[in-house]
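A short worksheet on the structure shown next.
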Amino acid sequence: MATAARAELSLQDTLLPGGVPIARDVALGLLRRELGRFQAQVQKSFESQAIHGLGAARQLSQHMDGMLYNIQNYAAAMVPPAAGARGVDFALVATGGYGRGVLAPHSDIDLLFLTEREPGPRTRRMVEFMLYLLWDLGLKVGHATRSVKECITEGLKDATILTALVDARFLSGEEALFTAFLADFNALRSQGLAPFLAAKRAERATRHARYGESPFLVEPHVKEGRGGLRDLQTLYWLARYAFGIRRMQELVGPDSPGGGLLTEGEVRAIARAWDFLWTLRFHLHYVTGRAEERLTFDLQPVVAARMGYTRHGPQDGAERLMKHLFLTSREVVRLSRVLEPAIERAALGPPATRKGGDDGLAALGLAFADGKLVAAPPDRDFSREPVLMLRMVKAARDRNLEIHPLAIRALIRHSRQADRLRGDPEASTLFLDLLTGKDAAKWLRLLNEAGFLGRFIPEWARIVGLMQFDTYHVFTVDEHTIEAIDVLQQIDRGELNEVAPVATELMTQLQSRRALYVATLLHDIAKGRGGDHSELGARFAQEICPRLGMSAEETETVSWLILHHLLVSQTAFKRDIEDPKTILDIADQVQSPERLRLLLVLTVADMRAVGPRVWNAWKATLLREVYWRVSEVLAGGMTVPERDVRVARAKEAAAAMLPGFSKAEADLFMSLGYPGYWLSFDSETHARHAAIIREAEADRAPLTVRTRVLPDRAVTEVTVYCSDHPGLFSRISGALAVAGASIVDARIHTLTNGMALDTFWVQDSAGGAFEAPHRLARLSVLIEQALSGRLKLAAEIRKVRREPARLAAVTVPPRVVVDNFASNTHTVIEVNGRDRPGLLHDVTAAISEQGLQIASAHITTYGVRAVDVFYVKDVFGLKVENERKLAPLRSALLEALTPPPAPGGGGPTPYREAA
């Protein structure tokens, strides 16, 4: 580069005019300007899209080469040699990523000061002078001073050092020393790949365990995560260590090292992945102004816009960027599966292959190589007989054998041939057997990463790498689906009996087990297409199932399950399951005990596969309650018209639980509750309430708060007994928010004596119960202070810890739905909005201000999205059906759902105090 060379010469002349060095502080200023100049130049070229990430990384490296060359010459002049001594007696060597000739904007600069023997005083002073100069320039420098012999010795002890030396590149100084180092290092390489390969595999396993085993995490680590830059670099390191190559292109062709380990297409795929990941990394560094390698939610829309991703159909720019990233990561994983074993095999020599013996493998067209499965050469291969791919996977599963890396490589390279297997009876039978058999998730992941699954089921290809831009789902849609299959098998094997006992029991009773597995595989197949993915997925199932050889009955079952796969969870978390109509409505849709069993098991598998914090004991309890109540209806055990009879039975059961009460005390308690109260709790809870009320009335206590930990449900029950007044729910929910409690369910009852008996079920931020005595005491104190007016809720709620800034980019449009058909006695209001401390306080205050009474509340969060459902009546105890009342209610709720501006943005909108 002539321009760069001229700049270097100009800087050299400036630092050493006439061969005499200028003062250090003057030199530091010149170097700062030069550093800023070329960094700004590269950034401008990159952000104007004149160059992409890899080109920018190379330009930064080349500019840094020139600067270091000049700095070393300047240091040599500033620390002159003793009389008669030679000039610079060490070699300045770039290592690590910088050694490969690439540099990110905020990356470390890895340098090796290579000496012949123990460095002398002048060498130490020069190294120190250079390092302090580089640090004063604000550069992060990784450095070591070693002799040639020490490099080899330390490299043998530490794989990290050895890896850095793989990329060693001479910059300036004593080149003969670097030549000697290369000779010794090549001698070390010639001793074999095995130790280095083992070290890199161990390092990669540790790295993946830390940064994510899946390449499909929704906030991926671009550098260290699976399928990221470091995995690509590992392939390069292995190839370079084994064959001494500098470019992956050198592995193409029969005359190349290893005999043609890569195809031209694979080299192009590597180049595309390199460039895309480097471009992404540069944007991350420039946007954040630091060495940020994790693509978090807040950065995804920004980076997507900078890279030119815009909305296309139902997908916004961030989702399109992430899909591109996930497909790239999958490509890196596939390339690792192809190249790494090929390098190992080339280093070891060709495998000894034998056809299967009496075990029947030969009849399947399979053979052994190194004791692992391959297609039997030379007459059987995947391109001519693609069904061999499924036969091989099934044989590996059934016989507990490993598939040879070369066979996995062939599977990846011939995955397109799966097109020919659609509708093939043998292929369909094999696939369904793999789906419903042992370790299904393991084999599905292999087929998905190889690209086979998206070819065999073309509808699947649309969900590969498909991200949902929310904080609820941890994985992409395809990875979530495979996780759901894995959970389903854990249920099948009885491994989740402790956390999902009902689903585990029901799994043994299913008649449609195969349909359940296929429905789980296809339940999200229509996501990302716009519209209701349940309805679209049900239609897709009617096309896919016959291709898989399923009967008409199985096809109908699969389609129905996909259409209704959210029915049980939505009922459990968003409806009052004490309302008989809720249960009858779901029973009308299900109609069959077998379908109810299938739905519950599918719901458990789906929820547990979403992420580690989604499932908890409270949700498990609600799902079980829905199942048993609907099951009772389907068995003919529940009829709604008998409400008065059910109330009478509830009172009789409660009376039997009050042996310590006088008849007058018992009669008084029986007269307090309206019918809805008696149908909302069991007899043990009624008895507990009776004791609370008797004690409060005897003490004339204006407020009674009782807490009870329910560890099996992972919630704490908070019961409040006090005089009823408008806004009571809002004040209590505000106090709970200040205490750090999340309300997951609530029952609000006004008794005939004008007192309120409100029950809240709360969890802490980790999804567990409040258990510590001091926290329980604080709950009671805060509720008392809030109701007495001594707690300034608006101010205290603002102090509650907010969500991390990285989640701010996830938008949740506010939405209000009013439903007068879900209940015969109440209007059901569903609000959707961004969760925040005090949200429930604001929403319930808005409801109270409209003159409505809340009978029950059902609170669910999906990441940062809150979905709160309220059963309400007006002051006359009637539904709210007049549109003149509903319109201002919707407006007030939408205002309450709108989050206040962040501090500094014009000042936060004050939280409303409850009326």
Side-chain angles (χ1 to χ4, degrees), residues 573-574 576 618 703-707 715-750 756-765 769-770 775-776 778-802 814 816 829-850 852-861 865-872 892-893 895-900 910-915:
F573 308 143
K574 297 166 64 174
D576 185 353
W618 175 252
L703 170 68
T704 301
V705 180
R706 293 285 184 272
T707 58
V715 294
T716 297
E717 183 181 275
V718 181
T719 305
V720 179
Y721 181 66
C722 65
S723 177
D724 193 19
H725 60 80
L728 178 65
F729 186 114
S730 179
R731 287 185 176 275
I732 296 174
S733 62
L736 293 173
V738 172
S742 296
I743 300 172
V744 295
D745 214 345
R747 292 281 186 277
I748 314 300
H749 294 284
T750 301
L757 183 65
D758 296 348
T759 306
F760 299 82
W761 290 271
V762 302
Q763 292 181 324
D764 60 19
S765 59
F770 272 74
R775 301 184 77 190
L776 295 176
R778 185 166 183 260
L779 280 179
S780 300
V781 169
L782 287 171
I783 290 172
E784 188 276 326
Q785 290 177 342
L787 295 184
S788 66
R790 289 184 290 122
L791 181 70
K792 301 303 181 183
L793 284 174
E796 292 301 320
I797 287 174
R798 288 196 201 98
K799 297 177 184 177
V800 178
R801 184 173 62 87
R802 303 282 159 166
V816 177
I829 302 172
E830 178 181 322
V831 298
N832 289 249
R834 187 180 192 84
D835 195 22
R836 67 174 190 272
L839 174 67
L840 196 57
H841 168 264
D842 282 6
V843 168
T844 52
I847 293 174
S848 297
E849 288 166 4
Q850 295 298 313
L852 302 181
Q853 299 173 332
I854 301 171
S856 68
H858 313 276
I859 315 302
T860 310
T861 55
R865 181 165 60 96
V867 179
D868 300 343
V869 177
F870 306 92
Y871 281 64
V872 304
L893 287 172
E895 181 185 348
L897 288 170
T898 304
Y911 286 92
R912 293 188 313 281
E913 293 289 357

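Hydrogens, waters and symmetry mates are skipped; everything else that's a heavy atom, side chains included, is used.
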Starting at CD1 of Ile854, measure out to CD1 of Ile748 and round the result to the nearest 0.5 Å. 7.0 Å

How far does NE2 of His749 sit from OH of Tyr721, to the nearest 0.5 angstrom? 14.0 Å

Is a side-chain N or O of Ser856 found less than 3.5 angstrom from the main chain of Arg747, in a donor-acceptor match? no

Provide the closest heavy-atom pair for Gly833 versus Leu897 in the form atom of the first, atom of the second, distance. CA-CD2, 4.1 Å

Spatial distance of atom CZ (Phe760) from atom OG (Ser742) [nearest 0.5 Å]: 13.5 Å

Flag the pair His858 / Tyr871 as yes when their ring centroid distance falls below 6.0 Å, and as no otherwise. yes

Which heavy atom of Ala896 sits nearest a heavy atom of Leu839, and at what distance? O-CD1, 4.1 Å

Do Val720 and Thr704 have side chains that get closer than 4.5 Å, going by heavy atoms? no

Does the pair Glu830 and Asn832 meet the rule for a side-chain contact (heavy atoms from CB on, under 4.5 Å), with working shown? CA-CA 7 Å; Glu830 178 181 322; Asn832 289 249; 3.1 Å; yes

For a side-chain contact (heavy atoms from CB on, under 4.5 Å) check, start with the C-alpha distance between Phe573 and Asp745, then their side-chain angles and the critical distance, and finish with the verdict. CA-CA 9 Å; Phe573 308 143; Asp745 214 345; over 6 Å; no

How many angstroms lie between CG in Leu782 and CG in Leu787, if you round to the nearest 0.5 Å? 11.0 Å

Looking at Arg731, Arg834, Arg836, which one forms a salt bridge (Lys or Arg N to Asp or Glu O under 4.0 Å) with Asp842? Arg836

Which pair of non-hydrogen atoms, one from Thr844 and one from Ser733, has the smallest distance, and what is that distance? OG1-OG, 3.7 Å

Is it true that Asp868 and Lys574 have a side-chain N and a carboxylate O under 4.0 angstrom from each other? no

Would you call Glu717 and Arg706 a salt bridge, using N to O less than 4.0 angstrom? no

Given Val718 and Ile783, is the side-chain contact (heavy atoms from CB on, under 4.5 Å) satisfied, shown in steps? CA-CA 10 Å; Val718 181; Ile783 290 172; 3.9 Å; yes

Among Ile732, Thr719, Thr750, side chain to side chain contact (heavy atoms under 4.5 Å, CB included) partner for Asp758: Ile732

Do Gln763 and Ile743 have side chains that approach each other closer than 4.5 Å (heavy atoms only, starting at C-beta)? no

Indicate the atoms forming the closest heavy-atom contact of Ala737 with Gly838, along with that distance. CB-N, 3.9 Å

Roughly how far, to the nearest 0.5 Å, is CG of Leu793 from OG of Ser730? 7.5 Å

Can you find a side-chain donor-acceptor pair between His725 and Ser723 that sits under 3.5 Å? no

Do Val872 and Gln853 come within less than 4.5 Å of each other through their side chains, counting heavy atoms only? no

side-chain contact (heavy atoms from CB on, under 4.5 Å) between Phe870 and Ile847: does it pass, once the steps are laid out? CA-CA 9 Å; Phe870 306 92; Ile847 293 174; 3.8 Å; yes

Give the minimum heavy-atom separation between Ala735 and Ala786, together with the two atoms involved. CB-CB, 3.8 Å

Minimum-distance pair of heavy atoms, taken over all atoms of Thr716 and Phe770: OG1-O, 2.7 Å

